[in-house]
Every structure is written in structure tokens, then in C-alpha cells.
Amino acid sequence: MPPLTQTAATRSILTPTHLLHTPESFVRTPLPGLTGGLAIVHACPALGARFLMYTAELEPSATLAPCPNQRFLYVLSGTAQLTLEDENYADREPPTHQLRPGSYAYLPPAANARIESQDASRLLLLEKPYESLPYTDPPSLLITHEDEAPQSPLEGAEALQVRTLLPPGPAHDFALNTLTYAPGAALPQVEVHYMEHGLLMLHGEALYLLNQTWYPTQQGDFIWMAPFCPQQCIATAQGCKYLIYKNFNRTP
């Protein structure tokens with residue numbers, strides 16, 4: 001028998017309650033509607049998640065077609081153009097929006113929005129079916145930049161700042177925030193709740209508690225947390241920032 005070759009090392013780990021997905025184990029794949037780029041799928045129903053979250057790595061002039069579900073996108077690097085293609089613009093040029101790092105958009109299911117990269121760029125995307133509520137209008141299109149989102153201390157802790165990226169209220173069936181930790185800052189408690197999370201580490205480093213294990217995490221890492229998974233984050237001396245999804249505003 002030939003000798004076994006040494007396997008590559010990875011920090012990635014999957015348990016029934018959480019996934020730590022780290023860059024050395026990313027697999028890039030084509031996706032329907034994505035032309036001129038590849039996707040790194042971080043979370044999807046095959047994992048047990050009730051949403052799809054992925055990073056799209058786009059070449060210049062790559063395109064991302066509309067999807068039937070609601071979609072959220074956040075520009076990680078590079079620049080892109082979002083074009084609203086609708087029959088209402090048949091007799092004139094459809095409106096376009098220029099996106100740069102930190103730009104984000106919420107696209108409701110009815111939005112016929114086409115995305116084209118202007119240069120090599122990376123986008124974080126979330127897609128999920130919309131859960132409607134009686135007597136509640138669905139959310140509207142939103143295209144803006146993180147700098148315009150309201151920022152406040154989390155539970156009064158100035159060392160931990162949260163930006164709320166989507167408007168509050170029952171129209172949205174999920175929430176997306178960025179959290180910025182000063183060096184050594186920590187969540188004030190170990191959280192256990194019904195909401196699941198998808199989290200991308202944008203900058204810095206942290207120790208993250210998932211269930212009963214502390215994991216070192218860094219820029220580029222993705223974490224999925226199942227409902228009721230115990231969780232806490234403590235930033236290292238570098239501080240850290242991440243973008244986090246949670247299902248919200250709906251009866252569990």
C-alpha cells in the first residue's frame with residue numbers, strides 16, 4: 001500500500017449546533033445567475049440553515065441576475081453597479097446605483113435588480129424566502145452605505161458599537177447589523193436564544209464561544225449558529241468587526 005499523504009490543516013469545524021468556516025477550506029463554485037464569477041457558499045438549507053449566505057467573487061464586468069427571493073448584498077471590496085430593470089423604464093434608461101466597499105442593498109422579492117462588477121470585487125449576499133405578515137406591507141427597496149446606518153452602543157457599552165442596517169419594524173423578517181469591538185471588548189453575556197445567525201468577520205480577531213468551545217477567529221472567517229447555540233465574543237488586542245444576520249420579527 002502506498003504511504004498516506006499528509007492532509008492539509010484547517011480551522012474549519014462543523015457540529016450539529018455551529019459551523020466555523022475558514023478561508024483555507026473555502027471551495028469556489030459556479031451558481032445559476034452568476035456570470036463571470038464564483039461563489040463561496042457559507043450557509044444554506046443543506047447545512048440546516050433557513051437561509052442562503054455566500055460570498056460572490058466577481059471578475060470585472062461579471063453579472064449577478066435577479067433572484068426570486070428577497071436578497072441582501074454588502075460590498076466587501078471593489079466596486080459594482082446595481083441597475084433596476086423594470087417594465088416601467090421601457091421608454092428610458094433604468095436607474096443605476098454605484099456601489100463601493102461598505103455599500104449595501106436590500107432587494108425585495110419583486111425587485112428586478114441586476115448587479116454588474118466594475119472591477120474585481122467581492123460581495124456578501126443573503127437570500128431567503130420572505131415570510132409575510134397579515135396587515136403588514138412588505139419592505140421596500142433600500143440602497144445605501146453603512147456610514148448612513150444608525151450607530152449606537154450595544155446595551156450602553158461604548159466599546160461595542162452596533163450599526164442597524166435595516167429599518168426597524170415588522171416589515172422585515174430578518175435583521176442585519178455590523179458590530180465593532182474595541183480591543184478587549186466583549187458581549188455582555190453568553191447569549192442563548194431562538195434566532196440562528198450567519199456571521200462574517202470583516203476585520204480583526206476575536207475569541208468566539210460556540211456551545212462549550214472557544215474558537216480563535218479572524219478576518220474572513222464565517223460562523224453559522226443554530227438556534228439556542230450558546231454564544232459569546234471577546235475581541236483580542238486588535239479589536240474586531242463583523243456583519244451578522246438573524247431571523248427576527250416573526251413568531252419562532
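These numbers were taken from a predicted model, which means no experiment stands behind them.
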Do [X] and [Y] touch side chain to side chain, with heavy atoms closer than 4.5 Å?
X	Y	answer
Thr217	Leu207	no
Leu202	Leu243	yes
Gln118	Gln81	yes
Leu107	Leu73	yes
Leu141	Pro108	yes
Thr55	Leu123	no
Leu126	Leu52	no
Trp224	Met53	no

Considering only residues two or more places apart or on different chains, which pairs with a residue in [range] satisfy ring-ring contact (aromatic ring centres under 6.0 Å, His included)?
range	result
residues 154-177	Tyr106-His172, Phe174-Tyr245
residues 142-162	none
residues 110-130	none

Looking only at atom types and distance, does a side-chain atom of [X] sit under 3.5 Å from a main-chain N or O of [Y], one as donor and one as acceptor?
X	Y	result
Thr17	Asn211	no
Arg71	Ala105	no
Asn249	Gly169	yes
Thr15	His18	yes
Thr136	Ala171	no
Gln218	Gly204	no
Thr164	Pro150	no

Go through the steps to decide whether Gln219 and Glu205 satisfy the test side-chain contact (heavy atoms from CB on, under 4.5 Å), and finish with yes or no.
CA-CA 7 Å; Gln219 179 177 340; Glu205 297 178 348; over 6 Å; no

Just verifying a value: how many Å separate [X] [atom1] and [Y] [atom2], rounded to the nearest 0.5 Å?
X	Y	atom1	atom2	value
Cys67	Leu125	SG	CG	8.5 Å
Leu58	Leu64	CG	CG	7.0 Å
Leu76	Ser103	CG	OG	11.5 Å
Thr96	Ile115	OG1	CD1	13.0 Å
Arg100	Asp147	CZ	CG	6.0 Å
Asp221	Leu200	CG	CG	8.5 Å

I need the minimum non-hydrogen distance between Pro183 and Gln238, along with the two atoms involved.
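Shortest heavy-atom contact: CG-C, 4.3 Å.
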
Going by salt bridge (charged side-chain N to carboxylate O under 4.0 Å, His left out), name the pairs with one or both residues in [range], residues two or more places apart or in two chains.
range	answer
residues 48-58	Arg28-Glu57, Arg50-Glu196
residues 235-252	Glu146-Lys241
residues 108-123	Arg114-Glu116

Listed partners of Val190 passing side-chain contact (heavy atoms from CB on, under 4.5 Å), at least two apart
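Partners of Val190 under the side-chain contact (heavy atoms from CB on, under 4.5 Å) test: Leu209, Pro230, Gln232.
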
Matching residue for Tyr104 among Leu124, Leu142, Val75 - test: side chain to side chain contact (heavy atoms under 4.5 Å, CB included):
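So, applying the side chain to side chain contact (heavy atoms under 4.5 Å, CB included) to Tyr104 and each of Leu124, Leu142, Val75, only Leu142 qualifies.
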
Rest of the hydrophobic cluster containing [X] (Ile/Leu/Val/Met/Phe/Trp/Tyr, side-chain heavy atoms under 4.5 Å)?
X	result
Ile40	Phe26
Ile244	Ile13, Leu20, Leu154, Leu160, Val162, Leu179, Tyr181, Leu187, Leu199, Met201, Tyr208, Leu210, Tyr215, Ile223, Met225, Tyr242
Leu38	none

Can you name the residues that form a ring pair (Phe, Tyr, Trp, His ring centres under 6.0 Å) with His193, not counting sequence neighbours?
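With neighbours one apart ignored, the set is His197.
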
Would you please name every residue forming a ring pair (Phe, Tyr, Trp, His ring centres under 6.0 Å) with Tyr74, sequence neighbours left out?
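Scan of Tyr74 (ring pair (Phe, Tyr, Trp, His ring centres under 6.0 Å), adjacent residues dropped) gives none.
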
Do you see a donor-acceptor pair shorter than 3.5 Å between the side chains of Asn247 and Glu131?
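No.
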
Kindly indicate, with the supporting measurements, whether the criterion side-chain contact (heavy atoms from CB on, under 4.5 Å) is fulfilled by Trp214 and Ile234.
CA-CA 10 Å; Trp214 287 96; Ile234 302 175; 3.7 Å; yes

Is Leu165 linked to Leu99 within one hydrophobic cluster, defined over Ile, Leu, Val, Met, Phe, Trp and Tyr using a side-chain heavy-atom separation of less than 4.5 Å?
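Different clusters.
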
Phe248 reachable from Phe228 in the ILVMFWY side-chain graph, under 4.5 Å edges
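Looking at the clustering, Phe248 is in the same group as Phe228.
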
